[in-house]
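Both backbone and side-chain heavy atoms feed into the values below; hydrogens, waters and symmetry mates do not. Chain A is the first sequence line, chain B the second, and so forth, proteins listed ahead of strands; every chain is numbered from 1. Here the structure is a predicted model, which is why all the values come from computation and not from measurement.
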Amino acid sequence: MKEYDHKKIEKKWQDTWEKKGIYHAQDKSKKPKYYALIEFPYPSGDGLHVGHPRPYIGMDVISRKRRLQGFNVLYPIGWDAFGLPTENYAIKTGKDPRVVTKKNSDTFRRQIKSLGISFDWSREVNTTDPKYYKWTQWIFLQFFKKGLAYKAKMKINWCPKDKIGLANEEVVDGKCERCGTVVEQREKEQWMLAITKYAERLDKDLDGVDYLPQIKLGQRNWIGRKEGAEIEFDNIKIFTTRPDTIFGVTFVAIAGDTDRFTGRYVTNPATKEKIPVWEAQYVMGDVGTGAIMGVPADDERDKAFAEKYKLPIIENYPKAGFEDYGKKVTRFKLRDWVFSRQRYWGEPIPVIHCESCGIVPVPEKDLPVELPKVKNYQPTDSGESPLANIAKWVNVKCPKCKGPAKRETDTMPNWAGSSWYYLRYADPKNNKEFASQKNLKYFTPVDWYNGGNEHTTLHLLYSRFWHKFLFDQGLVPTNEPYMKRTSHGMILGEGGVKMSKSLGNVINPDDIVKIYGADTLRLYEMFIGPFDQSAAWSTESIIGSRRFLERVWNLQYKVEKNKKYTEFKIEKTIKKVTEDIETMKFNTAISALMIFINDLGGVDSVSKDVYKKFLQILSPFAPHMTEELWTILGEKKSINLSAWPTFDENLIKDEEIKIVVQVNGKVRAFMSVQAGDSEEYIKAEVLKKADILKYIEGKNVKKIIYVPNRLINIVL
RNA sequence: GGGCAAGUGGCGGAAUUGGUAUACGCGUUAGUCUUAGGAACUAAUGUCGCAAGACUUGGGGGUUCGAGUCCCCCCUUGCCCACCA
């Protein structure tokens, strides 16, 4: 008997699969396509921890099952590599972010490959590759040409000590994350993308996609569609969702830094009375029209304000009709997207500022505008990107008039590259288009996209916006990018706390793979709990998954080629695993596989047919070991090229059914019935049972409730 | 303050969606393997009780023959957004 040697087996099959390219999606195929997608990772310097692969394994199970079901599967991966951590590391160490990114993504790639995920590595993309961001810039120019990219003055977080603009996540309690200085607000010209132009469609088109309900809700809340009315109080326009309360209005308040009376009065259009206009802190300048009507009787904040400043409160007033005094409007909470960063490590915004022509887009033939090398990655003292210091790069001729001009030095946020990467996978090496129409027509839309809850609003919304824009330009074949969206929960450290370097509870998958093997790690991560909920890591519990695999391994020595097929429980197991994978109930699918093996117990032999079917339905979870066993059984072709087993419903049905007998809702006995027994017969039989008689003797049977195949309840 | 998710044994969790609560796994206990075991296998394992039995899904009420599941009130935890008119 050979022992289960995961090291040998896993290395061998990973090499073989890679050599044969069996996970490569075909651009042309007679098979139907299936596009499975995970959010491509940010290759951080810390390497992979066990939380990263959870979604990869989950979608790998789906992808592997789809291949066995006869699909030409596209399951790609790449690197979302622009971003702050790498840049801050570069500022600190002076190392070139390109070099750091290369090193980090090499580590990630090696680690992910060791898990046997069936990614199509031939389609790997990297957002920081000029060949990739050429097209990110190109898409930006399409936005610009349609007037959807524009410049506007915006407030930004500014650290006066570091002289640097800060992202919201770098501001902690109003202070700079790095030096602790109180952050100021500064006005700065920023590039904006007009996502609000698509607000209505982004909301409405959610009706046509298969997202988890809480994901749709998250998107809808973020877009914040709201029906209300715009009402004019003389020259002040306010927005309200409650125009019916207009008779209760005793003041108008506009956004202000401090609470104060402006000295002005306006007319309430309903009562014709003069009411005061106040500036109030609690009114937000960028919400609605930046002005509200104060109804102290109906709104708690209005009431607090009125009480504080002794403004009148009208308790009982007549209700108005919804649109009697204003016009119906639809408001969205969604704002236009601030699209520029004064940072180095991002895609340069491809425009040129000319003294006489204004803003001129870089001609498409000159794309990409490559990031030049710099000596210092620190933003300039004036808060501009470090690119502003490179005179040779900044000073250019205007493409239109050939006069003196300057390059834009702002870069794009790291949401840019991730807004369209799933399109690039369809045709990753194309240098004439971001992807050919032919390949886009074949592969898109994405059939199933799984990602983190934290991206439910921003990333998902941004990429839907880009996609709709590209659709309007006739550049992609569908209105929506993703047909189905699910999410996974985080993996927490032991005891349910967050895994973090500072707590020292980070688990590196390399260690687990070394000791237990990739198949055990995969199985454990799928078994740990419901896929969409967070789960606490427990190194102690992994052994259970390993023991199960060893039992499956040892079963090979009990296979009998000519044994008559009697293990009908395999049919039930196939059904359960087939169905549970589709709803991502991986934990119960694995439980069913374990139950099947447990039920075999110490049998002397198992038929080869059944063992093969079992290996096939286990293969998405433990691809290496099942491939090895498949070969040992004499199969010449990969288990990955076999056909997903079907099940016979007739073999699943039990002839004899055990039902529960309750008296007054309490379980008192069990009873066996035949599949064909009538209700009357069963009801009569149950009253004859000795262990039931003792409960009903001398009492009145009021009624008997019978649930077919399930239970019988005698009510006294 | 708002939105979302969740609360079941010592632990991770299951429950056919209103029908045997605690599947599966970890841990624990006992036994087998006649050196050992942080190996493997077998069995037991919600709580109380010698037992018959009773009790048990964060707490309290309700609907129902029957509630972890549905309704009402309350408590706790996590995530996201936070003065959103």
For A:N587, which residues count as a side chain to side chain donor-acceptor pair (under 3.5 Å) partner, sequence neighbours excluded?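 None.
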Report which part of the nucleic acid [X] touches: base, sugar-phosphate, or nothing (heavy-atom distance under 4.0 Å, all strands).
| X | value |
| --- | --- |
| A:R220 | nothing |
| A:L711 | base |
| A:D532 | nothing |
| A:R331 | nothing |
| A:V715 | sugar-phosphate |
| A:K658 | base |
| A:V295 | nothing |
| A:N713 | base |
| A:R546 | nothing |
| A:F670 | base |
| A:V667 | sugar-phosphate |

Does the cation-pi check pass for A:R485 over A:Y449, that is, NZ or CZ under 6.0 Å from the six-membered ring centre and within 45° of its axis?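 Flagged: A:R485 positioned over aromatic ring of A:Y449.
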Start and end of chain A contact along RNA chain B [non-hydrogen atoms, under 4.0 Å]: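 Boundary nucleotides touching chain A, in 5' to 3' order, are B:G3 to B:A85.
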Upstream residue (5' side of RNA chain B) when A:Q214 and A:D299 are each assigned their closest nucleotide: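 Mapping each residue to its closest nucleotide by heavy atoms, the 5'-most match is A:Q214.
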Of A:P530 and A:G665, whose closest RNA chain B nucleotide lies nearer the 5' terminus?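 Closer to the 5' end of RNA chain B: A:P530.
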Should the pair [X]-[Y] be classified as a salt bridge under the 4.0 Å nitrogen-to-oxygen rule?
| X | Y | answer |
| --- | --- | --- |
| A:R54 | A:E525 | no |
| A:R301 | A:D299 | yes |
| A:K575 | A:E571 | no |

Pairs under 3.5 Å (Watson-Crick or G-U), crossing ones as [ ], inter-strand ones as |: RNA chain B comes out as (((((((..(((......[....)))((((((.......))))))(((....)))..(((((..]....))))))))))))....
Could you walk me through whether A:E39 and A:H455 pass side-chain hydrogen bond (donor to acceptor under 3.5 Å, both in side chains), step by step? CA-CA 9 Å; A:E39 286 167 346; A:H455 293 126; 3.1 Å; yes
